[in-house]
Amino acid sequence: MSLRTRLVLSAVALIAVVAAVIGPVTTIALHSFLEQQLDDQLTSAVQRTQRGPAGIVAPR
């Protein structure tokens, strides 16, 4: 096998490994971000429903 072929195969293998690592890491990070964003929105919605029409906190 020529040196050129070995270098090309090594480069392709390295790119494949990097892509295989970046994909799951990006997916996990995006999932965490979106889950936190949804939690914040739900918390905000609950707080709005607990206030009365004039922004007064409803009695419990």
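- The side-chain heavy atoms of Leu42 and Leu38, taken from C-beta on, include a pair separated by under 4.5 Å.
- The backbone N or O of Asp40 sits nowhere less than 3.5 Å from a side-chain atom of Ser44 that would complete a donor-acceptor pair.
- If you chain together hydrophobic residues whose side chains sit under 4.5 Å apart, Ile22 and Leu14 fall into the same group.
- The line from CD of Gln36 to NE2 of His31 is 11.5 Å long, rounded to the nearest 0.5 Å.
- In this structure, Ser2 and Thr5 approach most closely via the heavy-atom pair OG-OG1, 2.9 Å.
- Separating the CD atom in Glu35 from the CG atom in Leu30 is a distance of 11.5 Å, to the nearest 0.5 Å.
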